[in-house]
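Working notes, beginning with the structure itself.
Within every chain, numbering begins at 1; the chains are lettered A, B, ... in the order of the sequence lines, protein sequences first and strands thereafter.
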Amino acid sequence: MSTTLPPDLPLATRFAALVLDWYGENARDLPWRTPDATPWDVLVSEIMLQQTPVSRVLPAYQEWMTRWPTPAALAADEPGEAVRAWGRLGYPRRALRLHECAVAITSRHGGELPTDLEALLALPGVGAYTARAVASFAYRQRHAVVDTNVRRVLSRVVTGVADAAPGSATRDLALAEPLVPTDAGVAARYAVAVMELGALVCTARAPRCADCPVVADCAWFRAGKPAYDGPVRRPQGYAGTDRQVRGRLLAVLRDADGPVPQAALDVVWHDPVQRGRALDGLVTDGLVDPLPDGRYALPGAR
DNA sequence: CAGACGTGGCT
DNA sequence: TAGCCAAGTCT
């Protein structure tokens, strides 16, 4: 990567210009980024991409959008079908919330995604990141859009630290805001560009600094790429947890054509106490419906 | 604010 | 191999 930008430009100006230029040549061709992508397309992709890699989202996304191209289409179907189509993307509550989103959008917003941040934030499963992502990517508004990629990039470039400490959304936005270009359209392209840089170059594991367009402005690189020495992140353990049991229980229901007997669920985990707790949790979350006859099913229309 | 919440690929 | 990591949100 090379640049001929004057080195005396303010960091914010240089950073945005360099990242935008890089994005122009290195952006991936993803279906939710096409010019004809609707706000609904953007929202569905954002929800699916929460904690889930692009490679796994791609096939599920294509199938989902073919089946439910509009919020009204999804709202007209049963929530259990959304959970089933979610497949093995993980965190299936997202499927349920996406269905709730579709219902809310259809009933309260005439079937169109709202355009203002407050209304977006009010939708189920839409938080500080996703609301700004939709407002920016779909409506070309000017917002600081901060996800884990952006947090890492800014931590390195601006703060000079290898990784963002677990922090508040307020602090993240304060760090990101000064770098956002003034013009809304430019800001929207900048938002996706910084994320892309974090996803492809300024990665968590083995950053490709040699290919980075802003390496000359990176405080972390200039400091010799010191190792992260901040607060230790909590372990992410999975084996043996309720989450694993929930996953197995739900997989049985996803793969079944209809309601299943208790016995079909009992075989997936040896410990009846943990199994019962996990099943109760799924019912509480609305991911599983206990039927009057003792069987269990994915949530129906009710 | 810390912890819960899935899943699979990569090092 | 075991652990790390992936476009977060909710409580």
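In this structure, the ring pair (Phe, Tyr, Trp, His ring centres under 6.0 Å) partners of A:Trp68, at least two apart in sequence or on a different chain, are A:Trp64.
Base engagement by A:Arg28 is indicated by at least one non-hydrogen atom pair under 4.0 Å involving a base atom. Within 4.0 Å of A:Ala133, counting heavy atoms only, lies no atom of the nucleic acid at all. If you check every strand for non-hydrogen atoms under 4.0 Å, A:Arg246 touches sugar and phosphate atoms only. At a threshold of 4.0 angstrom between heavy atoms, the contacts of A:Arg56 include nucleobase atoms, whether or not backbone atoms are also involved. Nucleic acid contact for A:Thr130: sugar-phosphate only, since backbone atoms but no base atoms lie under 4.0 Å from a heavy atom of the residue. At the heavy-atom level, A:Val126 lies under 4.0 Å from the strands shown only through sugar-phosphate atoms. When heavy atoms are screened at a 4.0 angstrom cut-off, A:Ala128 is found touching the sugar-phosphate backbone but no base atom. As judged by a 4.0 angstrom heavy-atom cut-off over every strand, A:Gly90 is placed among the base-contacting residues.
Taking the nucleotide of DNA chain C with the nearest heavy atom to each of A:Leu121 and A:Val54, the more 5' of the two is matched to A:Val54. Take the nearest nucleotide of DNA chain C for A:Gly125 and for A:Thr52: the residue whose nucleotide is more 5' is A:Thr52. Nearer to the 5' terminus of DNA chain B, by closest-nucleotide assignment, is the contact made by A:Arg93 (compared with the other of A:Arg93 and A:Pro53).
Between C:dG8 and A:Gln51, a contact under 4.0 Å exists linking OP1 or OP2 to a side-chain N or O. When the side-chain nitrogen and oxygen atoms of A:Tyr238 are compared with OP1 and OP2 of B:dT7, one or more of them lie within a distance under 4.0 Å. In this structure, A:Arg254 reaches the B:dT7 phosphate: one of its side-chain N or O atoms is under 4.0 Å from OP1 or OP2.
Atom C1' of C:dA7 sits at a distance of 22 Å from the matching atom of B:dT11, rounded to the whole Å. Here the separation of C:dT9 from B:dG8, taken at their P atoms, is 23 Å to the nearest Å. Comparing the same atom, P, in C:dC4 and in B:dG3 gives a spacing of 16 Å after rounding to whole Å. Spacing between B:dC5 and C:dC5 at atom C1', rounded to whole Å, works out to 16 Å.
Of the candidate nucleotides C:dA6, B:dT7, C:dC10, B:dT7 has the atom lying nearest to any side-chain atom of A:Arg88.
In this structure, A:Gln50 places its CD atom 19 Å from P of B:dG8, rounding to the nearest Å. Atom CG in A:Leu249 sits about 12 Å away from atom P in B:dC5, given to the nearest Å. For the pair A:Leu58 CG and C:dA6 P, the computed distance is 18 Å after rounding to whole Å. Taking atom CZ of residue A:Arg132 and atom C1' of nucleotide C:dT9, one finds them 14 Å apart after rounding to whole Å. In this structure, CG of A:Leu89 is placed 12 Å from P of B:dG6, rounded to the nearest angstrom. We find that CG of A:Leu98 is positioned 15 Å from C1' of C:dA7, with the value rounded to whole Å. The interatomic distance linking A:Tyr91 (OH) with C:dC10 (P) rounds to 14 Å, in whole Å. Going from atom CZ of A:Arg151 over to atom P of C:dA7 covers 12 Å, rounded to whole Å.
Using a 4.0 Å cut-off on heavy atoms, none of the residues of residues 278-287 of chain A approach DNA chain C. Residues from residues 31-39 of chain A lying near DNA chain C, meaning a heavy-atom separation below 4.0 Å, are A:Trp32, A:Arg33 in numerical order.
A:Trp86 is listed as a side-chain neighbour of A:Leu98, based on a closest heavy-atom distance under 4.5 Å. Side-chain contact between A:Asp211 and A:Leu200: absent, with no pair of heavy atoms (C-beta onward) separated by less than 4.5 Å.
Residue pairs meeting the salt bridge (charged side-chain N to carboxylate O under 4.0 Å, His left out) criterion with at least one partner in residues 246-266 of chain A, sequence neighbours excluded, are A:Arg246-A:Asp285, A:Asp266-A:Arg275.
Cluster partners of A:Leu117 are A:Leu121, counting Ile, Leu, Val, Met, Phe, Trp and Tyr whose side-chain heavy atoms approach within less than 4.5 Å, directly or via other members. Residue A:Tyr296 belongs to a hydrophobic cluster whose other members are A:Val83, A:Leu96, A:Val245, A:Leu249, A:Leu250, A:Val252, A:Leu253, A:Val260, A:Leu265, A:Val267, A:Val268, A:Trp269, A:Leu279, A:Leu282, A:Val283, A:Leu287, A:Val288, A:Leu298, with links defined by side-chain heavy atoms closer than 4.5 Å.
Annotation for A:Gln262: atom CD counts as buried by contact number, over 12 foreign heavy atoms lying within 6.0 Å.
Atom OG1 of A:Thr34 sits about 8.5 Å away from atom CG of A:Asp29, to the nearest 0.5 Å.
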